[in-house]
Amino acid sequence: KPLENIFVSDICQKSGVCRKTFYHYFRDKYDLATYITNSIYSKSLLEIGEYVDDYFSTLAEGNLALNNLDSTSVVVLQKFLQAWNGNKSLGKNLSESDDLNAPFNIWKERFIHGKKIILKKRLDSMGKKLSDSDMELAGEMMYVTAMHHYALWDEKYGTNLPPEAAMELIQLMNKILDFWIAQAEDI
């Protein structure tokens, strides 16, 4: 059942907790979903925390932003897929939510923001600029492409994503970045 179709009253009834107690600990059902997600993913997140916390900002610095075919990217993709595969039903419900405050949508915004940082860094290094709407579209395009690959990988590899498969996505992301750079105007 998607998260937007679950009500706090349902949660309270199933858990035997009164609404007052629920709201003492959680702001809303999304706060609870974030708590559950963090609890479930905590082991995986601890393993990759050193990579994920500043992954995109690291890529956006120096030469890594100009060519992100680095081993950190491969490790992050592998670990993300392992965490996702370990909790498919929760991930599916979170990803189907239309609420912008749902945990998965917050992750989506961070992904798009990170890719836009990388694109901006590359554009700046070439003296080029894209419109704000094109930057948004580029971020969305990279996000949709990544999610499509995650779904394909899930079917094909399960939790054993080979580095060469991760590298294919990284190379595809670079091609998408190159496409948008070609659309940019000189400053």
Side-chain angles (χ1 to χ4, degrees), residues 3-4 27-28 30-31 33-35 37-38 41-42 44-84 87 90-151 153 161 166-185 187:
L3 198 54
E4 62 265 356
R27 287 185 311 258
D28 53 28
Y30 299 106
D31 192 30
T34 300
Y35 174 81
T37 303
N38 289 343
Y41 287 125
S42 63
S44 298
L45 291 175
L46 284 174
E47 291 172 8
I48 61 171
E50 64 190 78
Y51 300 111
V52 173
D53 286 345
D54 61 353
Y55 173 61
F56 289 117
S57 60
T58 298
L59 287 178
E61 295 173 4
N63 293 331
L64 286 178
L66 302 177
N67 182 4
N68 65 345
L69 297 175
D70 63 292
S71 59
T72 303
S73 300
V74 174
V75 170
V76 168
L77 289 172
Q78 288 173 317
K79 294 293 186 178
F80 175 80
L81 193 65
Q82 288 171 355
W84 191 257
N87 303 283
L90 176 65
K92 185 177 184 324
N93 282 332
L94 293 178
S95 67
E96 290 176 353
S97 175
D98 292 329
D99 189 302
L100 295 177
N101 293 319
F104 191 84
N105 290 325
I106 293 168
W107 182 87
K108 174 184 175 185
E109 290 305 313
R110 288 181 65 197
F111 177 96
I112 291 172
H113 177 72
K115 289 298 183 182
K116 289 180 353 188
I117 289 172
I118 294 167
L119 177 57
K120 183 172 179 353
K121 181 74 173 183
R122 292 183 189 190
L123 288 168
D124 289 348
S125 74
M126 300 172 158
K128 294 185 170 231
K129 181 175 172 47
L130 280 173
S131 68
D132 290 344
S133 61
D134 281 348
M135 287 292 284
E136 288 299 319
L137 188 56
E140 286 283 340
M141 179 187 256
M142 287 183 275
Y143 173 76
V144 169
T145 301
M147 292 309 295
H148 175 74
H149 274 72
Y150 296 154
W153 289 342
L161 179 66
M167 197 60 75
E168 286 175 18
L169 177 58
I170 295 165
Q171 290 169 338
L172 180 57
M173 289 293 170
N174 281 329
K175 287 179 183 176
I176 293 171
L177 289 168
D178 291 342
F179 167 82
W180 286 102
I181 290 167
Q183 309 306 309
E185 298 177 0
I187 297 177

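In this structure Glu136 satisfies the side chain to side chain donor-acceptor pair (under 3.5 Å) test together with Lys116, sequence neighbours excluded. With sequence neighbours excluded, the residues that form a side-chain contact (heavy atoms from CB on, under 4.5 Å) with Leu137 are Trp180. Partners of Lys120 by side-chain contact (heavy atoms from CB on, under 4.5 Å), not counting sequence neighbours, listed by chain and number: Asp124, Met135.
Annotation: Glu140, atom CD; neighbour count of heavy atoms from other residues, nucleotides and ligands within 6.0 Å is above 12.
The shortest side-chain heavy-atom distance between Met173 and Leu169 falls under the 4.5 Å cut-off. Side-chain contact between Thr145 and His148 is absent, with no heavy atoms from C-beta onward closer than 4.5 Å. Under the 4.5 Å side-chain criterion, counting only non-hydrogen atoms from C-beta, Ile118 is not in contact with Met142. Inter-residue side-chain proximity for Gln183 and Phe179 is flagged as met; some heavy-atom pair is nearer than 4.5 Å. At a threshold of 4.5 Å between non-hydrogen side-chain atoms, the residues Ile181 and Leu119 count as touching.
Distance check: Met141 CE to Leu177 CG gives 11.0 Å after rounding to the nearest 0.5 Å. Between the CG atom of Leu172 and the NE2 atom of His149 there is a distance of 5.0 Å, given to the nearest 0.5 Å.
Taking all atoms of both residues into account, the shortest heavy-atom contact from Leu123 to Ala184 is CD2-CB, 3.5 Å.
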